[in-house]
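A quick write-up on the structure given underneath.
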Amino acid sequence: MVIERAAAVAIVTPCTGVCAIDDADLCRGCARTLDEIATWSVMTPAERDAVMAALPLRRSGR
């Protein structure tokens, strides 16, 4: 029996390691919502790109 392992795929993340939710329900470190954080690894690349594009506006609104 031969067991093959798939190559690990790196997923880009905006995580800064500062994991705390603010009054606007956004992470203080990366500005994602809890739902976005929880589903990040199963989002499509297009979904992750859309969230990444929204983050600068979220951060500037603080």
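Along the sequence shown, residues are numbered consecutively beginning with 1. Scope of the values below: all heavy atoms of this structure, side chains included, with no hydrogens, waters or symmetry mates.
Taking CZ from R28 and CG from D23, the interatomic distance works out to 6.5 Å, rounded to the nearest 0.5 Å. Taking CZ of R59 as the reference point, atom SG of C30 lies at 7.0 Å (rounded to 0.5 Å). The distance from the CG atom of L26 to the CZ atom of R32 is 11.0 Å, given to the nearest 0.5 Å. The line from CG of D25 to OG1 of T33 is 9.0 Å long, rounded to the nearest 0.5 Å.
Side chains of V51 and R48 form no contact here, defined as non-hydrogen atoms less than 4.5 Å apart. Contact of the T39 side chain with the E47 side chain is not registered, since no non-hydrogen atoms from C-beta on lie closer than 4.5 Å.
Residue V12 comes nearest to W40 through the heavy atom pair O-NE1, 3.0 Å, listed as atom of the first residue, atom of the second, then distance. Taking each heavy atom of G29 and T16 in turn, the nearest pair found is CA-OG1, 3.2 Å.
Linking Ile, Leu, Val, Met, Phe, Trp and Tyr whenever their side-chain heavy atoms come within less than 4.5 Å leaves V42 and I11 in two separate clusters.
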